[in-house]
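Along the sequence shown, residues carry numbers from 1.
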Amino acid sequence: MTRICVAGGTGQVGREVVRQAVARGLAVAVLSRNPPSSRSSAGPDGAAYFRGDVTTGEGLAAALDGADVVIDCLEGKSGKALKNFADGGARLLAAARDARVPKAVVLSIINCDESSFGYYRSKAAKERVYERSGLETVALRATQFHSLLARMFAAGSRVRMIPVVKGARFQPISPSEVATALLDAALEPPAGVRHRVRTIGGPEIAGMAELAREWQQASGSRGHLVRLPLPGPMGKYLREGLNLVPEERHGSETFARWLAKNADTL
């Protein structure tokens, strides 16, 4: 039986990778700083959970033992986690080599290497770590998640102002469809290429105002759409359309469909 290790398997995408992998009949080890139990144990979903930390190396060997592939869904959005994001990836890969895991797949962001935004720079740095690892590696670059837009709109609606970045368009994608792509990449037979970069975008491209109105309709929010400029690296990234990959439309879960499926949590 194929065994996969999911690093960050309790996060948004990682949880879905775990769910789908178990459903496919795979053996799954989940590496997390905050697993369901204080010690390695079988979770209610059928996966085995291991407490570990890529910033220190604690618990990595146990989680990776016997794995055929590791899928890295870890995030590092702020503070120490952001600062050490690439180093954590290097530590995970070193442990994978020690455990004789031949392949690793990492979740990344579309065109992260073309932005000077700090979080995206950390993603690009981690991709370079994977490229130099010596393992067979795949970096799966995804467009922004539906949930990111929903959180942005919800945050603004608390003060009755729903933010719309002037000129911004998005190609949002469902985390579950990204999880499927990660799992498919992990289970592919050896490709004979050390490192590959793939891109995956959502099924449709729409202006931020249109997406905000869809969120309003689904959530019942009465806030006003407020069009704002976005300065700095992130604004430049959006204005230049670096968050779009029109030639790589995947899946079928549009923003509207995702909203309908998650209506109870908006």
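The closest donor-acceptor contact from the side chain of Lys103 to the backbone of Ile71 lies at 3.5 Å or more, if one exists at all. Listed for the Arg169 side chain is no donor-acceptor partner under 3.5 Å among the backbone atoms of Ala206. In this structure a side-chain-to-backbone donor-acceptor pair under 3.5 Å is present from Gln171 to Gly202. Here the side chain of Arg91 pairs a donor or acceptor atom with the backbone of Thr55 at under 3.5 angstrom. Using modelled atom types, one side-chain atom of Thr180 and one backbone atom of Ser176 make a donor-acceptor pair closer than 3.5 Å. With hydrogens and angles ignored, the 3.5 Å screen pairs a side-chain donor or acceptor of Ser122 with a backbone N or O of Tyr119.
Note that NZ of Lys123 and NZ of Lys126 are 6.0 Å apart. Values are rounded to the nearest 0.5 Å. How far CD1 of Ile200 is from OG1 of Thr143: 7.5 Å, rounded to the nearest 0.5 Å. Taking CZ of Phe117 as the start and CG of Leu242 as the end, the distance is 13.5 Å to the nearest 0.5 Å. Expressed to the nearest 0.5 Å, how far OH of Tyr120 lies from CG of Asn111 amounts to 10.0 Å. To the nearest 0.5 angstrom, Leu107 atom CG is 6.0 Å from Glu75 atom CD. Between the CG atom in Leu238 and the CG atom in Leu244 there is a gap of 8.5 Å [rounded to 0.5 Å].
Linking ILVMFWY residues whenever their side-chain heavy atoms come closer than 4.5 Å, directly or via other members, places Val70 and Leu31 in the same cluster. Note on Val164 and Leu149: same hydrophobic cluster, where clusters join Ile, Leu, Val, Met, Phe, Trp and Tyr whose side-chain heavy atoms are under 4.5 Å apart, directly or indirectly. One hydrophobic cluster holds both Leu182 and Ile173 under the rule that ILVMFWY side chains link at heavy-atom gaps under 4.5 Å. Taking hydrophobic clusters as Ile, Leu, Val, Met, Phe, Trp and Tyr residues chained together by side-chain heavy-atom distances below 4.5 Å, Val101 does not share a cluster with Val18. Cluster annotation: Leu211 and Ile110 are assigned to the same hydrophobic cluster (Ile/Leu/Val/Met/Phe/Trp/Tyr, side-chain heavy-atom contacts under 4.5 Å, transitive).
Between Leu26 and Leu187 there is a side-chain heavy-atom pair separated by less than 4.5 Å. The side-chain heavy atoms of Ile205 and Pro246, taken from C-beta on, include a pair separated by under 4.5 Å.
In plain terms, the two heavy atoms of Ala63 and Cys5 that are nearest each other are O-SG, 3.8 Å. Contact between Val13 and Cys73 at its shortest, heavy atoms only, is CG1-SG, 4.3 Å. Here the closest non-hydrogen pair linking Ser157 and Ala154 is OG-O, 2.8 Å. Ala86 and Val129 get closest at one heavy-atom pair: O-CG2, 3.9 Å. When all heavy atoms are compared, the tightest approach of Arg51 to Asn34 is NH1-CA, 4.1 Å. Across all their heavy atoms, Ala104 and Leu93 have their closest contact at CB-CD2, 3.7 Å.
Ion pairing between Glu16 and Arg19 holds under the 4.0 Å rule for side-chain N and carboxylate O.
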Compile the donor-acceptor pairs under 3.5 Å between side chains in residues 217-224 and protein atoms, sequence neighbours left out, one pair per line.
unit_1, atom_1, unit_2, atom_2, d
Ser219, OG, Trp215, O, 2.8
Ser219, OG, Ser221, N, 3.3
Ser221, OG, Gly223, N, 3.2

Please tabulate, for the side chains in residues 225-235, all donor-acceptor contacts under 3.5 angstrom to protein atoms that are two or more places apart in sequence or on a different chain.
none

Next item on the list: Check the pair Thr137 / His195 against side chain to side chain donor-acceptor pair (under 3.5 Å), numbers first and verdict last.
Entry: CA-CA 5 Å; Thr137 55; His195 182 71; 2.6 Å; yes
Next item on the list: Could you go through the side chain to side chain contact (heavy atoms under 4.5 Å, CB included) check for Ile109 and Gln144 one step at a time?
Entry: CA-CA 8 Å; Ile109 299 173; Gln144 285 67 36; 4.0 Å; yes
Check: Going through the checks in order, is the side chain to side chain contact (heavy atoms under 4.5 Å, CB included) test met by Arg97 and Ser133?
Finding: CA-CA 9 Å; Arg97 286 194 299 271; Ser133 71; 3.9 Å; yes
Note to self: Is there a side chain to side chain contact (heavy atoms under 4.5 Å, CB included) between Asp98 and Leu60? Walk through the geometry before answering.
What the structure shows: CA-CA 10 Å; Asp98 290 344; Leu60 303 189; over 6 Å; no
Next item on the list: Quick one: do Met208 and Phe153 satisfy side chain to side chain contact (heavy atoms under 4.5 Å, CB included)? Show the steps, please.
Entry: CA-CA 10 Å; Met208 194 171 182; Phe153 297 147; 3.8 Å; yes
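Sorted by first and then second residue, the pairs that involve residues 194-209 and meet salt bridge (charged side-chain N to carboxylate O under 4.0 Å, His left out), not counting sequence neighbours, are Glu136-Arg196, Glu188-Arg196, Glu188-Arg198. Applying the side-chain hydrogen bond (donor to acceptor under 3.5 Å, both in side chains) rule to pairs touching residues 229-252 yields Lys236-Glu240, Glu248-His250, sequence neighbours excluded.
The neighbour count for Arg24 CZ, taken as heavy atoms of other residues, nucleotides or ligands under 6.0 Å away, is above 12.
The aromatic rings of Trp258 and Phe255 lie parallel to each other, with less than 30° between the two planes, well short of the 60° mark.
Residues passing the ring pair (Phe, Tyr, Trp, His ring centres under 6.0 Å) test with Tyr130: none are found, sequence neighbours excluded. The side-chain hydrogen bond (donor to acceptor under 3.5 Å, both in side chains) test applied to Asp113 returns Arg141, not counting sequence neighbours.
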